[in-house]
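Here it is, the structure in full.
Order of appearance sets the numbers: ligands from 1, and atoms from 1 within every ligand.
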Amino acid sequence: MQALSSFIAGSWQTGKGEGTSLFNPATEEPIARASSDGLDLAGALDFARDRGGPALRALSFAERGKLLGEMARRIHEHRDALIELSMKNGGNTRSDAKFDVDGAMGTLAHYAELGAELGAARILADGEAVQLGRSPRLAGRHVLVPRPGVALLVNAFNFPAWGLGEKAACALLAGVPVVVKPATSTAWVAHKIVEIVADALPAGALSLVCGSAHELPGLLGPGDAIAFTGSSDTALRLRALPRVQTAAVRLNVEADSLNSAIVGADVEPGSDTYELFVADVVREVRQKTGQKCTAVRRIFAPEALVERVRDDLADRLRAVTPGDPFAEGVHMGPLASAQQKRDVSAGMARLGEHARMVCGGEPAPIGVPAGKGYFVAATLLEATDPGAAVLHELEVFGPVATLIAAPDDPAELCALVARGGGGLVCSAYSDDRKTAAALVAGLAPHHGRIVLGSQKIAGQAVGPGTVLPQLIHGGPGRAGGGEELGGPRGLAFYSQRTALQGDRALLDAIVK
Ligand code: NAP
């Protein structure tokens, strides 16, 4: 069985003992194992800080961008192998695997281009100079410079490629070395990516720790940062770490979210906008077996549309065939792990206390040995008690969404949606500008991103579940309060913002 080693202090090193097993979630066969026991993790962080940091800081944005471009190129070169591994270790269908791998490549390529645009500079200007005295000579200016430490990138199990790519792109372009810690259950894809790209980067710029290594965040110090994606429970543990509090280790959290899709009362069934809404919801339930932080969990439809929406969604979700991603005709793979299967089943049972099942039930996966695999059917629930707390507070991280009858009054609707406690993304479908504006006003304070679906963009819309490098990813409240990506905004977390004040001509010479 493949033992996943770690790439630390410039070499591949294998942890002691058996470690944790990784499985093929369609067949339940063990396929690899990973251990970080006995590895010198403190030494790994020092190597990144002492070797990777100076090497990256010596480069201009354009030069760092070239490194990202080379990472993207190599991932493209090994795309087929990565997709296959993602199908085997993550239970992804081929198209779901592409979503992850191509997402990593596209994000790295986007930041490579940004590096080229920023050119020979090593300091990033943050806004224009401002006059501070009576004459224009005395001026002030904000700049962003690379922080001196290391960035620990802790990722969730669902996007081992994209999670690595999107975090590393921002940190490396900002000039900060990274230590990647993928979720153990699906770490093989991240392991392969590091194997592919490691020698394209300066020593210490990119390290990888496979295996649980939960002690890593506690080893960080001043100047270091943690970019975390995962559950609220783990986020809470990280926030409580003494080093995070006393050494001011920066922490960015991307956590749970009960994302919503809202169809407006003005939307006619069968119209382009309606079809966009239905297609988006079905994709969000099915894609990656619902294991996306941005997947739709709650669907709000006005009373008059509920029946039609329920029937249309159920028809399409019943046609989603689960099975082994390698088998013909499979639309949806298994959940990624046995734990996921337990959590999703328990979550559905809890939602079921306040919602009835419209479609779902016992799955009939194809291409797998009888009784094997962590499968669930694509499931639509309909709320019997729209105000029940559990429907708005419990994130079931699988192919499950609940249809909820929406109040007519936009303010009441927004208040109900806001009971999610802060989310990553909300999509609202309407061709009425007043409705769209009222929803934006009511929903924006509670979400990191709002997708406005309408007839004008129906043919070219990017669904709410796709995180784009140009726009920020993150959300307030239970979504973690974090912010990633967003073009150049993504560099800020890894940078120190410093105010310079002095002679205007001198500032202009330093900050180009
Ligand atoms: P998780 O159990 O919190 O694990 C996330 C990562 O944290 C894994 O790499 C895990 O490593 C590590 N970890 C766990 N306990 C730790 C500790 N005490 N100290 C340091 N690291 C620790 O979450 P998950 O089950 O992988 O992911 C599912 C959750 O992530 C869902 O709730 C979902 O909403 C959320 N998510 C959010 C986003 C977003 O962008 N907002 C994206 C994807 C997923 P091991 O695997 O080795 O334990």
Side-chain angles (χ1 to χ4, degrees), residues 4 6 15 19-22 33-37 41 89-90 99-100 103 107 152-164 166-167 179-188 190-191 208-220 226-241 243-244 249 251-259 288-297 335-344 347 393-398 420-425 447-449 465-467 472-485:
L4 300 184
S6 295
T20 308
S21 294
L22 283 69
R33 59 188 180 79
S35 166
S36 56
D37 286 357
L41 297 178
N89 183 201
F99 190 61
D100 186 27
T107 307
L152 174 62
L153 312 183
V154 182
N155 276 316
F157 69 83
N158 52 350
F159 284 103
W162 175 81
L164 184 163
E166 56 107 19
K167 286 183 168 64
V179 173
V180 176
K181 153 67 190 99
T184 305
S185 59
T186 58
W188 204 346
H191 181 273
L208 169 81
V209 177
C210 286
S212 75
H214 289 180
E215 64 273 36
L216 259 173
L219 299 171
L220 297 174
I226 311 175
F228 170 76
T229 295
S231 64
S232 299
D233 287 349
T234 308
L236 202 60
R237 275 191 212 111
L238 296 180
R239 289 189 205 280
L241 283 175
R243 298 295 288 159
V244 167
V249 172
L251 173 61
N252 189 76
V253 172
E254 300 292 343
D256 316 343
S257 176
L258 275 101
N259 313 298
K288 293 208 46 86
T289 320
Q291 299 165 114
K292 281 193 322 201
C293 51
T294 48
V296 171
R297 309 292 175 200
L335 294 165
S337 66
Q339 185 59 46
Q340 261 292 94
K341 172 84 195 267
R342 283 192 289 275
D343 290 349
V344 169
E393 292 172 7
L394 180 68
E395 182 200 44
V396 179
F397 208 58
L424 294 171
V425 59
H447 295 88
R449 184 160 55 95
T466 301
V467 173
I472 57 159
H473 171 57
R478 68 174 293 165
E483 194 173 290
E484 293 183 328
L485 300 171

Ligand 1 versus F228, non-hydrogen atoms closer than 4.0 Å: side chain, backbone, both, neither?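 Side chain only.
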Which residue holds the protein heavy atom closest to atom 35 (C) of ligand 1, what is that atom called, and what is the gap in Å? G230 O, 3.2 Å
Under 4.0 Å from a heavy atom of P217: which atoms of ligand 1 are those, numbered in the order shown and with their elements?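 Ligand 1 atoms under the 4.0 Å threshold to P217: 20 (C).
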Mind checking whether F397 has an N or O less than 3.5 Å away from an N or O of ligand 1? no
Tell me: protein heavy atom nearest atom 4 (O) of ligand 1, and distance? T234 OG1, 4.4 Å
For ligand 1, which atoms, with element, lie under 4.0 Å from some heavy atom of A156? 26 (O), 27 (O), 30 (O), 43 (C), 44 (C)
Under 3.5 Å between some N or O of ligand 1 and some N or O of N155? yes
Which residue owns the protein heavy atom closest to atom 38 (C) of ligand 1, what's the atom, and how far is it? C293 CB, 2.9 Å
List every atom of ligand 1 that sits less than 4.0 Å from any heavy atom of P182, numbering the atoms from 1 in the order shown and giving each element.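 Here the atoms of ligand 1 in question are 9 (O).
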Look at atom 32 (O) of ligand 1 and say which protein heavy atom is nearest, naming residue and atom and giving the distance to 0.1 Å. D256 OD1, 2.8 Å
Which bit of T294 is near ligand 1, meaning a heavy atom under 4.0 Å away: side chain, backbone, both or neither? neither
Protein contact to atom 43 (C) of ligand 1 [nearest heavy atom, distance to 0.1 Å]: N158 ND2, 3.1 Å
For atom 19 (N) of ligand 1, grab the closest protein heavy atom and report residue, atom and distance to one decimal in Å.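 Atom 19 (N) of ligand 1 sits closest to the protein heavy atom H214 O, 3.5 Å.
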Region of V154 that comes within reach of ligand 1 [heavy atoms, distance under 4.0 Å]: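 It is the side chain that gets close, since no backbone atom is under 4.0 Å.
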Structural part of E395 in contact with ligand 1, heavy atom criterion under 4.0 angstrom: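 Side chain only.
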So is there a nitrogen or oxygen of S257 less than 3.5 Å from a nitrogen or oxygen in ligand 1? no
